[in-house]
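A note on names: the letters A, B, ... follow the listed sequences, proteins ahead of strands, and every chain is numbered from 1. Hydrogens, waters and symmetry mates play no part in the numbers below; they use all other heavy atoms, side chains included.
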Amino acid sequence: MQSEVMFAGFGGQGILLIGKILAHAAMEEGFEVAWIPSYGPEMRGGTAYCLVVIGDRPIGSPIIKNPSHLVAMNRPSLEKFAPVIKPGGVILNNMSLISIDSGRADVDELKVLTAELAADVGNAKASNIVALSAFVARSKLVSLDTLKHCIEEEFAKRPKLIPLNLKAMDAGIQAAQ
Amino acid sequence: MAKTFKKPDCMTDQKTHYCPGCTHGIIHRLVAETIDELGIRGRTVGIAPVGCAVLAYNYIDCDFQEAAHGRAPAMATGIKRVRPDLMVFTYQGDGDLASIGMGEIIHAANRGEKFTTIFVNNAIYGMTGGQMAPTTMPNQRTTTTPFGRKSDEVGMPIRVAELLGTLVTPGYITRQTVISPKYIQKAKRAIKQAFIYQMEKRCYSLVEVLSTCPTNWGMTPQDALQWVQDVLMPYYPLGDVKVPDSEKVTEAAAGTAN
Amino acid sequence: MPKVLMKGNEAIAEAAIRAGCLNYFAYPITPQSEVAEYLSWRMPEVNGVFLQGESEVAVSYMIFGAAGAGVRVFTTSSSPGISLMSEAISYLCGAQLPAVFVNIMRGGPGLGGILPSQADYLQATKGIGHGDCRLLVMAPASVQEAAEMVMTAFPLAEKYRNPVMILGDGLIGQMMEPVEFPDQLKSEASNKDGWATNGMDHRGSTTRNLVKSLFLDAEQLNDNNLILRAKYERMKKEDVRWECWNTEETYDALIVSYGTMSRVCKTAISMLKEEGIEVGLVRPQTLFPFPEQAVRQAAQKEGCRVVLSVEMSMGQMVEDVERCVQGALPVKWYGKCGGDVPTPEEIIDLVKTTLSSL
């Protein structure tokens, strides 16, 4: 079994970070993982995406034409990647910045107001964690316990941010229900 | 009867390949005497350039590395960074240091690398047969400036000591010559001082030495010495350009980040 | 030590330290600057040397100086930067100095692009510098393998007194995968007193050492080149490495591919298997020495009708593959070199169209 998750949005939205947290969580659960970034000259404002591959066997191609799932944090990302997602996958649509649907009837589209939910718990910048948690709660790729642990580890060097991000995680989980 | 003037221990018995009237031999000897007097032969590494002094290791008897053209300061940096206990010197000519190796020398000096450079400036490429150097004088004839160096086409000669002297990082930068015993004594003192600064881990040090090339200048050795005095010395004044304590600009005064 | 999730570039940096190399000089260039960023804080932690040089040219001679002084030293760069270092690599070969160069390849020629590429194959294996010089070149296909190859590169460089290159594509540097650093790959640096300019006092000797590549006498230069040649021949005998995959049973086609590209090929081969099409794979892990025999034998297997060299270049390794197959079978090249890595689907199409055209 292998699942691939495309995380996509603007540079600066913390796209690469939430991909890394998911990859870390899957590794903790004993899966084979690979995290493959797009990399380019734009540090802020451009498009950023990364692909997380999770499998129970060594990962072959890091190049995936049709990922299983999509976390789209802005409209260009949804427009670009929604058409190539495998049927039956989860598409997280960040409604805070996206005013359209994926147009796919054969996927589980989860619409979340990530920025509003993050702002409610303290800071709109945590919208990436809201999105990741909602996605994990819906796709069940890793357990929520492992996810929580990995979020805590990711912010271990800036412990002040941990309570905010755990609140954002809870908000995301609720949004997925 | 005891010998009062003898070959330094740090020189081999080999006769040099240098042309009659060339002053490389004198400068080699000053370096070797310095190494002897400081007792550092067992922990000294020299770096030979590409140029007439490429075979300097045949005459100066300590560990040696041979550089690619102009790269001696980068190699010295590599050695000194991984083995700060070694005494490292580069021996470079004007084509090597001031033309192809200008980038390396500026950055090594600016980082304050704790090694010593002996920079032999004779205003011409010697080994390749007398072509124009960055230090060639206006109207000086060379094999690539047969009608004389035209400064409106290739600029004025580079004063390396003054150029490096503009760097804010502390350093010891001086210009000397070896055209007569009086100057040789001064050059010796400067070279020794440069090595002492290195021993004390104080700063980067460079001794520019105005030298001769009678063969490629087309002069007798005697005329060549006179030409240094009459033509080179007015443009390339002798003396210290920079000593480590002269720099009052500190990080605090310059304003630093954070 | 448990597995940690690391970017290839960071794993390469950490692996060097774990291998006992505490000296690093570098100049930033995408897509491998994370190595320098990582070592800028990590080297001070282990009392190592980190220096950002003013150019790749200068850095490569800092490597020369440090290697000549007898310490383990390495640098990392990417394609245009390696071109600038190629002069020094030739000097290192000529002077017989051990050092490790990592090239995380980007597209070329010229400034090219910053996306993954394998277009420096010929440069690394056949044309790294002027004169008769060669590198031992290793090509990792995962972050774990990159770490292990870095750790083995240092003793190999010392074994041969010759630079070793790790040739990875941009994805190997940028990708994160779980990695561990095997303790058994740690090694003691070899004794270099016989040749290093580490100071006569340091080695308790009264004779000096010279590190040089200049031999003005024709016979001496030829002798030095014979020594180098003997080393390169020894590499071919003792240190050629490869992986054979899906080659136990018969197959219709053989793919030769390395690095990230080989992983794409493996996925394609698994998918083709489900359709009943069998394809074997030889993955060179050393590019010089090239696994000549392995490729030849795999191509000679009963039933194999074609050999495909699949690479992210416009056809470089294919020259070596052709050399090994020696005309026994058709050899085809497939590749891309702009930054897009060919997908498994493209490789599947390639295999099918190739087989049906024979």
Find the distance between CZ (C:R208) and OG1 (B:T44) and round it off to the nearest 0.5 Å.
12.5 Å

Less than 4.5 Å apart, side chain to side chain, heavy atoms only: is that true for [X] and [Y]?
X: C:L51; Y: B:R111; result: yes
X: B:D63; Y: C:H202; result: no
X: C:V73; Y: B:R81; result: no
X: C:L210; Y: B:E66; result: no

Please classify the contact between [X] and chain B as side chain, backbone, both or neither, with a heavy-atom cut-off of under 4.5 Å.
X: C:F64; result: both
X: C:S90; result: neither
X: C:A88; result: neither

If one checks every heavy atom of B:I60 against chain C at 4.5 Å, the contacting part turns out to be backbone

Against chain C, label B:I47 side chain, backbone, both or neither, depending on which of its atoms sit under 4.5 Å from a heavy atom there.
neither

Taking all heavy atoms of [X] and all of [Y], pick out the closest pair and write down the distance.
X: C:L214; Y: B:V54; answer: CD2-CG2, 3.7 Å
X: C:G199; Y: B:L86; answer: CA-CD2, 3.9 Å
X: C:Y91; Y: B:H69; answer: OH-N, 4.5 Å
X: B:I79; Y: C:A69; answer: CG2-CB, 4.0 Å
X: C:T197; Y: B:Q65; answer: OG1-NE2, 3.0 Å
X: C:A58; Y: B:A74; answer: O-CB, 3.3 Å

Counting heavy-atom pairs under 4.5 angstrom with chain C, the leader among B:R41, B:M87, B:K80 is B:R41

Do other residues, nucleotides or ligands put more than 12 heavy atoms under 6.0 Å from the [atom1] atom of [X]?
X: C:E188; atom1: CD; answer: no
X: C:D223; atom1: CG; answer: yes
X: C:Y27; atom1: OH; answer: no
X: C:E219; atom1: CD; answer: no
X: C:K186; atom1: NZ; answer: no

Mind jotting down which residue pairs meet the ring pair (Phe, Tyr, Trp, His ring centres under 6.0 Å) criterion with at least one end in residues 203-229 of chain C? Sequence neighbours excluded, please.
none

Select, from C:N198, C:L216, C:L22, the one with the greatest count of heavy-atom pairs under 4.5 Å involving chain B.
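Option with the top pair count is C:N198.
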
In sequence, state the C-alpha distance, the side-chain angles, and the governing distance for C:Y61 and B:E104, and then conclude on side chain to side chain contact (heavy atoms under 4.5 Å, CB included).
CA-CA 10 Å; C:Y61 284 99; B:E104 282 76 9; 5.9 Å; no

Between the main-chain N or O of C:D201 and the side-chain N or O of B:R43, is there a donor-acceptor pair closer than 3.5 Å?
no

